[in-house]
Trainee: 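I'd like to ask some things about the structure below.
What's counted below: heavy atoms across the whole structure, side chains too, no hydrogens, waters or symmetry copies. Positions are given from 1, in the same order as the sequence printed here.
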Amino acid sequence: MGWRLTLGALDRADAVELLATIAGERRVREQPEVFGRIAAACDRLPLALRIVGSRLVTQPDVALPGFAAHLEDEENRLSELAVGDISVRGSLSVSYQALDVDARLALHALARADSFITPASAVEILRLPRQQANRMVEHLIQHNLLVPVDSCAPAERFHLPELLRLFARECVETHGRPLPA
């Protein structure tokens, strides 16, 4: 049995620090707000931050505000998060391919929700009985495709990271339905 390491979103300060480590401390000190925007567009995910940092190293003269604006545009984001043979889209595709068709359908449905997902809203969105909806939510959490929020709150809430939401919507737009397992 192999090890599985899951790296979730970093907090804002750590995300900007990671970018600074890769792209250069001086650049971040000069434009910290722009790097905050870039980190947010990357969902503060280590892989996305590493990709963007690597791209910035190879493009030392890029206008950072324009780069951030381009990355913030949903239509560009997944395409921009690639360097060499490493991409956020490719990484998400591996997780997506591991799902069965029912889980992919659930992911597509949840990707259309514009807010946090609760157990009650999951029932409504997925159009499943409560027990089945809860199992599907748990299944997506186990695959790191749905993230619990505020575990101390009285009602559980979950969210789909924005990059995953964009990927799921792209799959539907490209294929019109979930890809077969």
Trainee: E162 and side chain to side chain contact (heavy atoms under 4.5 Å, CB included): which single residue from L160, L166, L164 fits?
Mentor: L166

Trainee: Could you give the distance from CG (L110) to CD1 (I125), rounded to the nearest 0.5 Å?
Mentor: 5.5 Å

Trainee: So do S121 and F116 actually touch side chain to side chain, heavy atoms under 4.5 Å?
Mentor: no

Trainee: Using 0.5 Å steps for rounding, measure from the CD1 atom of I38 to the CZ atom of R55.
Mentor: 10.5 Å

Trainee: Measuring from S79:OG to E170:CD, what's the distance to the nearest 0.5 Å?
Mentor: 6.5 Å

Trainee: How many angstroms lie between atom CG of D43 and atom CG of L49, to the nearest 0.5 angstrom?
Mentor: 9.5 Å

Trainee: Determine the minimum heavy-atom distance between D11 and R44, stating which atoms define it.
Mentor: C-NE, 3.7 Å

Trainee: Can you name the nearest heavy-atom pair linking F158 to P119, along with the distance?
Mentor: CE1-CD, 4.2 Å

Trainee: Do L64 and V62 have side-chain heavy atoms sitting under 4.5 Å apart?
Mentor: yes

Trainee: May I ask you to check whether over 12 heavy atoms, not counting those of E124, lie within 6.0 Å of atom CD?
Mentor: no

Trainee: Hey, what do you get for CD (E156) to CD1 (I141), rounding to the nearest 0.5 Å?
Mentor: 7.5 Å

Trainee: At their closest point, which heavy atom of F167 faces which heavy atom of L92, and how far apart are they?
Mentor: CB-CD1, 3.6 Å

Trainee: Would you say the side chains of S54 and R50 form a donor-acceptor pair under 3.5 Å?
Mentor: yes

Trainee: Are V52 and L47 connected in the hydrophobic side-chain network, where two residues link if heavy atoms are under 4.5 Å apart?
Mentor: yes

Trainee: Using salt bridge (charged side-chain N to carboxylate O under 4.0 Å, His left out), reason through R26 and E30 one step at a time and then give a plain yes or no.
Mentor: CA-CA 6 Å; R26 181 187 58 75; E30 290 172 357; 2.8 Å; yes

Trainee: Let me check something: do I117 and V123 share a hydrophobic cluster, defined by ILVMFWY side-chain heavy atoms less than 4.5 Å apart, either directly or through other members?
Mentor: no

Trainee: Working to the nearest 0.5 angstrom, can you tell me the gap between D100 CG and H139 NE2?
Mentor: 5.0 Å

Trainee: Would you name the heavy atoms of A82 and I51 that are closest together and state the gap between them?
Mentor: N-CG2, 3.3 Å

Trainee: Classify the ring geometry of H108 against Y96: parallel below 30°, tilted from 30° to 60°, perpendicular beyond 60°.
Mentor: parallel

Trainee: What's the shortest heavy-atom distance between A103 and L140, and which atoms?
Mentor: O-CD2, 4.1 Å

Trainee: Do the side chains of I22 and L56 get nearer than 4.5 Å, heavy atoms only?
Mentor: no

Trainee: Would a single hydrophobic cluster contain both L145 and V147, if residues Ile, Leu, Val, Met, Phe, Trp and Tyr are joined by side-chain heavy-atom contacts under 4.5 Å?
Mentor: no

Trainee: Is the backbone N or O of A113 less than 3.5 Å from a side-chain atom of R165, with the two atoms forming a donor-acceptor pair by type?
Mentor: yes

Trainee: Under the 3.5 angstrom rule, does the side chain of R77 hit a backbone N or O of L71 as a donor-acceptor pair?
Mentor: yes

Trainee: Do the side chains of R135 and Q132 get nearer than 4.5 Å, heavy atoms only?
Mentor: yes

Trainee: Treating R37 as the side-chain partner and E72 as the backbone partner, does any N or O pair qualify as donor plus acceptor under 3.5 Å?
Mentor: no

Trainee: Please examine the side chains of E17 and D14, heavy atoms only from C-beta on, and report whether any two atoms are closer than 4.5 Å.
Mentor: yes

Trainee: Considering all heavy atoms of both residues, which atom of A9 and which atom of L45 are nearest to each other, and what is their separation?
Mentor: N-CD2, 3.7 Å

